[in-house]
Structures are given as structure tokens and as C-alpha cells.
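Input: a single structure, listed below in C-alpha cells.
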Amino acid sequence: MMAPVEQREVLRCEHCALVQFRTSSSMCRRCHKSLEVEVPEPAPAPLAVVPEATGEPGGIQVASAVRDLRHVRNLSQRQLAGRMGVPRTYISKIENGKAMPTLSSLDRLARALQVDISALLRDATTRHRDEAAVLLADPFLAEIAMYASQLDALQKSIFLNHVRELAAGRRRSA
């Protein structure tokens, strides 16, 4: 049973401009593209530190690379799918290792995640080492990293909140 008309969400498709109620699949009735294209602010750096994958050692781990990079970019599967123009379930299948993307899909994935295609093809250990080296090449970040290892969880939280406030342009009044 469908919700009353007053409670249903009305959306405009960003691709074909059709105004419609949200469908159960969140796909446009006319052009069949995702209605939930949310484009967050682009990441400031082309590479970001990716947590170590716990998958099987060796080999190409596209699934973990996609998942890790998506998490680092704070993207949902739906947002990444919207950037690529594919269904969300395709992203899920890639991340769970049930589908291997074609070369053209790898290229679109890399562009959507704002990385070089080689970042999706490297194993997790190499990817992590390379991305950490890029970050630590910045003398300021290298100095922060040296001190950050000595902080406890509360101190790290306080430090991150201060950095977020500075980045947002807010000043603390004493």
C-alpha cells in the first residue's frame, strides 16, 4: 500500500527535469537514472590515506579499493553510483567482489572517486604506503603526524574539532 499523496516526496530529475513522486527504486520514470544524485564537496587532495584492507593477501583487490576510497571520500554507494550513472546495486556488487568492473567502468570509478585508475588496481598495502608518502611529503602534515602518535583518543578528538573549526572559518572566543 502506498503512502498518501501528502506524505510522498516530490522530486525533479536532474537529468531530464521530470517532476515526479519518489519511486521505490529511486530511479527516474523517464530516463531511468538515479534521482538521488548528491554531489558532496570534492576532496581537497587527489589522494587520501586508505585504511589497510583485511582481504586475502596478494592479488588485485578492486573491491576493497573501491570501498576504502568511497569511505575516505565520505560517499554513500548511492552517491558514487550517481556520479557514475549506474545503479547503486552495481557498486554493491563491485565492493562485495560479485562483479568485476570492465575497463570503462574502472575509468568511470576512478574519475568518480577522484583518483588515478592505478589506485584501484594496486594491492591495499602498496596503496596505503603510497598515499601515506604523499601526505607525509608535506612538512606541516609530517610534523603533525609525529605528534599525533603521542595523543590519546580524547586529545585527538579535541585536536580534530579545533582543526574543523579553523577550516570552517569559525573563531573561538576565549
Side-chain angles (χ1 to χ4, degrees), residues 3 8-56 59-138 141 160-161 163-169:
R8 294 179 66 196
E9 185 178 5
V10 176
L11 301 167
R12 178 185 303 271
C13 177
E14 293 183 14
H15 304 282
C16 68
L18 178 68
V19 177
Q20 58 196 303
F21 287 117
R22 177 182 297 283
T23 61
S24 60
S25 65
S26 292
M27 302 296 269
C28 176
R29 287 181 168 84
R30 180 185 294 158
C31 67
H32 305 289
K33 294 188 179 180
S34 176
L35 291 171
E36 299 210 15
V37 178
E38 300 170 19
V39 181
E41 294 180 18
L47 293 175
V49 176
V50 176
E52 290 275 346
T54 56
E56 61 277 351
I60 297 173
Q61 300 172 350
V62 175
S64 62
V66 170
R67 183 182 310 106
D68 293 343
L69 287 166
R70 181 177 61 79
H71 283 267
V72 166
R73 302 277 189 272
N74 288 323
L75 292 171
S76 66
Q77 287 182 345
R78 191 173 307 281
Q79 290 169 323
L80 180 57
R83 286 182 172 192
M84 289 182 61
V86 298
R88 184 208 55 83
T89 54
Y90 182 59
I91 302 300
S92 177
K93 287 178 183 176
I94 290 172
E95 289 184 359
N96 291 317
K98 295 182 177 167
M100 179 56 94
T102 63
L103 190 55
S104 65
S105 291
L106 279 173
D107 181 52
R108 287 188 297 168
L109 263 171
R111 281 189 275 128
L113 291 168
Q114 300 172 327
V115 295
D116 187 69
I117 196 167
S118 64
L120 298 174
L121 300 175
R122 288 188 297 235
D123 63 50
T125 305
T126 305
R127 196 172 59 247
H128 179 73
R129 185 178 53 243
D130 292 349
E131 292 170 352
V134 167
L135 289 175
L136 293 176
D138 182 335
L141 293 177
L160 281 175
N161 285 333
V163 171
R164 286 184 187 114
E165 288 176 0
L166 288 171

Using side-chain contact (heavy atoms from CB on, under 4.5 Å), reason through Val72 and Leu113 one step at a time and then give a plain yes or no. CA-CA 10 Å; Val72 166; Leu113 291 168; over 6 Å; no
Measure the shortest side-chain to side-chain distance between [X] and [Y] over non-hydrogen atoms and say whether it is less than 4.5 angstrom.
X	Y	value
Cys28	Leu18	yes
Ser105	Arg108	yes
Leu109	Leu80	yes
Arg73	Val115	yes
Arg67	Asn96	yes

Atom pair [atom1] ([X]) and [atom2] ([Y]), whose distance is rounded to the nearest 0.5 Å:
X	Y	atom1	atom2	result
Ser34	Met84	OG	CE	12.5 Å
Arg88	Met27	CZ	CE	10.5 Å
Leu69	Ser64	CG	OG	9.0 Å

Which atom names give the shortest non-hydrogen contact between [X] and [Y], and what distance separates them?
X	Y	answer
Leu106	Pro101	CD2-CG, 3.7 Å
Ala17	Arg12	O-NH1, 3.5 Å
Ala112	Arg83	O-NH1, 2.5 Å

Okay, side chain of Asp116, backbone of Ser118: is any donor-acceptor separation there less than 3.5 Å?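 Such a contact is found between Asp116 side chain and Ser118 backbone.
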Determine yes or no for a side-chain-to-main-chain donor-acceptor pair under 3.5 angstrom, with Arg70 supplying the side chain and Leu75 the backbone.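 Yes; judged by distance alone, with no hydrogens or angles, the pair exists.
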Using side chain to side chain contact (heavy atoms under 4.5 Å, CB included) as the criterion, point out the one residue from Gln20, His32, Arg30 that pairs with Cys13.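 The passing option is Gln20.
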